[in-house]
Amino acid sequence: MYKINDNYLKLPGSYLFSTIAKKVAAYSEANPDKEIIRLGIGDVTKPLAPAIIDRLHSAVDEMAKAETFKGYAPDLGYEFLRTTIVENDYKARGCKIEADEIFVSDGAKSDSGNIGDIFAQDNIIAVCDPVYPVYVDTNAMAGRTGTYDPTTEKWSDVIYMPCTKENGFCPEIPAKTPDIIYLCFPNNPTGTTIKKAQLQEWVDYALKVGAVIIYDAAYEAYISTDDVPHSIYECEGATGCAIELRSFSKNAGFTGTRLGFTVVPKDLKCGDVSLNSLWARRHGTKFNGAPYIIQAAGAAVYTEEGKKQTGEQIAYYMNNAKTIRDGLVAAGYEVFGGVDAPYIWLKTPDKMTSWEFFDYLLENLNIVGTPGSGFGPSGEGYFRLTAFGSAENTVKAMERIKNGKA
């Protein structure tokens, strides 16, 4: 008789955004006349930039000709894309990263879950709280989190690092020493950031205790504040302790076309074993590469026109973020984030739980957001809104919140 991976049975309920989708679908079916404004899931709404679309079209044309047709992609990704990434995202910021340390994938979400394959099951993980659920859930699937306590909403073998108003939503060095540390800045869900000196402290700590940092920099393109690092490799010594995850979804709208990459420096070693070689082995065995046409489109993001056009889209979303921040503050809410990130983190009013506030917004104002408790225990009492809607709907949502009715 075959056996299943019973770690899946330990997972509490369904994935957060699946639960939200079901609740919204049920409400929509019962109220077909209601116009619902969706500011919940962080999915972009602007179409791909013209420079990207033009390159997609030309890449498709290449696939129709024998002399330019492409089959399987190289294991690490096409050289033209990896070299372009290195020049623009790393060397331009003084980071010593090479093309053979870049692994092109179908997105940061996949890599954040798959990266655990190269680590032993008994590693202890530390996560910010609140946290992007994928980090914890995929480690639970791998049997790395112990048992789940529904009363505390915590896993027994996970080190939770509370990120609250009191500590500026910045995690503090934990009392217990972790093996793997997950950090995400600009942060999802709180929309907050940390300064370079603060990130350097984490790098120094990881080097001291022999931990590895999984650094999710999916939202780095939204940073506008000086001294907020775009990459962990801006910190001294980071190539010896950190893996960085990057995405084309939020900076260039690739949520529907799927493209990302992971950086695993050759300096990063466990004893004499190179993590770069381990990830290369895993990557080549389990993944056949992002499609050529998508990688070609990814390279177009870094062209002069691509940078200009995607920069305009980022500015559009950040203007939405300002609209949300200003609207919420004017309505009397306590608000965080939304300055260097497309997420706004607000305190729920009148001591409402985050799910109670979700229901209030959906049923009374026809606005969809994300309950903070879905991101971890310290998310209770908070709520996330995203700036990825249209400008028109963003303004309309703030008017509904100001007036208290849809």
Side-chain angles (χ1 to χ4, degrees), residues 76-105 107-108 111-112 115 118 170 180-188 193-208 211-252 254 259-270 274-280 283 295 298-304 306-307 310-311 314 340-341:
L76 273 65
Y78 284 98
E79 179 74 20
F80 66 78
L81 178 57
R82 292 186 290 115
T83 300
T84 299
I85 288 169
V86 166
E87 293 298 325
N88 287 272
D89 287 334
Y90 295 102
K91 289 189 176 179
R93 297 193 180 278
C95 305
K96 296 180 180 179
I97 296 298
E98 303 298 331
D100 60 358
E101 297 172 317
I102 304 289
F103 296 81
V104 178
S105 71
D111 286 350
S112 65
I115 197 68
I118 65 173
C170 176
I180 302 171
I181 303 164
Y182 286 82
L183 297 177
C184 173
F185 291 102
N187 186 257
N188 177 18
T193 56
I194 58 175
K195 299 290 188 179
K196 182 179 177 180
Q198 293 173 294
L199 185 56
Q200 184 68 59
E201 291 177 6
W202 280 101
V203 170
D204 294 343
Y205 171 72
L207 290 169
K208 178 183 177 181
V212 63
I213 297 173
I214 310 298
Y215 192 76
D216 188 343
Y219 302 94
E220 63 81 26
Y222 292 84
I223 295 171
S224 60
T225 301
D226 292 339
D227 202 31
V228 173
H230 289 252
S231 168
I232 195 170
Y233 302 120
E234 294 177 42
C235 295
E236 185 178 351
T239 56
C241 67
I243 292 171
E244 184 164 282
L245 311 176
R246 289 287 192 100
S247 169
F248 284 77
S249 289
K250 305 305 191 296
N251 68 324
F254 278 54
L259 188 66
F261 62 91
T262 288
V263 185
V264 187
K266 294 189 291 291
D267 289 346
L268 185 54
K269 295 182 179 181
C270 180
S274 163
L275 268 64
N276 179 283
S277 64
L278 290 184
W279 186 241
H283 205 66
Q295 294 196 47
V301 173
Y302 296 98
T303 64
E304 184 176 348
K307 290 179 180 179
T310 56
I314 290 168
D340 293 297

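This one's a predicted model, so the numbers in the text were calculated from it and none came from an experiment. Note that these values count all heavy atoms, side chains included, but never hydrogens, waters or copies made by symmetry.
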request  = Nearest 0.5 Å please: distance from the OG1 atom of Thr262 over to the CG atom of Asp111.
outcome  = 3.0 Å
task = Tell me, please, which residues at least two apart from Thr84 pass side-chain contact (heavy atoms from CB on, under 4.5 Å).
result = Asn88, Tyr302
ask   = Got a second to check how far Asp340's CG is from Asn187's CG, nearest 0.5 Å?
value = 12.0 Å
inquiry  = Checking Phe103 against Val264 for the side chain to side chain contact (heavy atoms under 4.5 Å, CB included) test, could you report, in this order, the C-alpha distance in whole Å, the side-chain angles of both residues, the deciding distance, and whether it holds?
reply    = CA-CA 8 Å; Phe103 296 81; Val264 187; 3.9 Å; yes
ask   = Say you draw a straight line from CD1 of Ile214 to CD1 of Ile115; how long is it, rounded to the nearest 0.5 Å?
value = 5.5 Å
message = Using side chain to side chain contact (heavy atoms under 4.5 Å, CB included), reason through Val104 and Arg82 one step at a time and then give a plain yes or no.
response = CA-CA 7 Å; Val104 178; Arg82 292 186 290 115; 3.8 Å; yes
inquiry  = Whether the Tyr90 and Glu244 side chains hold a donor-acceptor pair (N or O, under 3.5 Å, no angle test) is what I'd like checked.
reply    = yes
request  = Please step through side chain to side chain contact (heavy atoms under 4.5 Å, CB included) for the pair Trp279 and Leu268, ending with a clear verdict.
outcome  = CA-CA 11 Å; Trp279 186 241; Leu268 185 54; over 6 Å; no
query = Donor-acceptor pair, Thr225 side chain versus Val228 backbone, under 3.5 Å?
reply = no
inquiry  = Testing the basics here: between Ala242 and Pro265, what is the closest heavy-atom pair and its distance to 0.1 Å?
reply    = O-CD, 3.3 Å
query = What's the spacing between Phe254 CZ and Ser247 OG if we round to 0.5 Å?
reply = 10.0 Å
query = What closest approach, in Å, do Lys250 and Tyr222 show between heavy atoms, and which atom pair accounts for it?
reply = O-OH, 2.6 Å
Taking every non-hydrogen atom, the tightest pair across Ser231 and Leu199 = O-CD2, 4.4 Å
note = Pro229 and Lys195 have their tightest heavy-atom pair at CD-C, 3.8 Å
Nearest heavy-atom neighbours spanning Val86 and Ile97 = CG1-O, 3.1 Å
Interatomic distance, Ile194 atom CD1 to Phe185 atom CZ [nearest 0.5 angstrom] = 4.0 Å
message = Please evaluate residues Lys196 and His230 with respect to the criterion side chain to side chain contact (heavy atoms under 4.5 Å, CB included), reporting the C-alpha separation (whole Å), side-chain torsions for both, the decisive distance (0.1 Å), and the verdict.
response = CA-CA 9 Å; Lys196 182 179 177 180; His230 289 252; over 6 Å; no
request  = Please report the shortest heavy-atom distance between Leu259 and Gly298, naming the atom on each side.
outcome  = CD2-CA, 3.7 Å
inquiry  = Is it the case that the side chain of Thr83 and the backbone of Phe80 share a donor-acceptor pair, with hydrogens and angles ignored and the cut-off at 3.5 Å?
reply    = no
note = Sorted by chain and number, sequence neighbours left out, ring pair (Phe, Tyr, Trp, His ring centres under 6.0 Å) with Tyr182 holds for Tyr135
request  = Quick one: pull up OH in Tyr215 and CG in Leu245 and give me the separation to the nearest 0.5 Å.
outcome  = 11.0 Å
query = Between the side chain of Gln200 and the main-chain N/O of Glu236, is any donor-acceptor distance below 3.5 Å?
reply = yes
task = Flag yes if more than 12 heavy atoms outside Lys266 fall under 6.0 Å of its NZ atom; otherwise flag no.
result = yes
inquiry  = Classify the ring geometry of Tyr205 against Trp202: parallel below 30°, tilted from 30° to 60°, perpendicular beyond 60°.
reply    = perpendicular
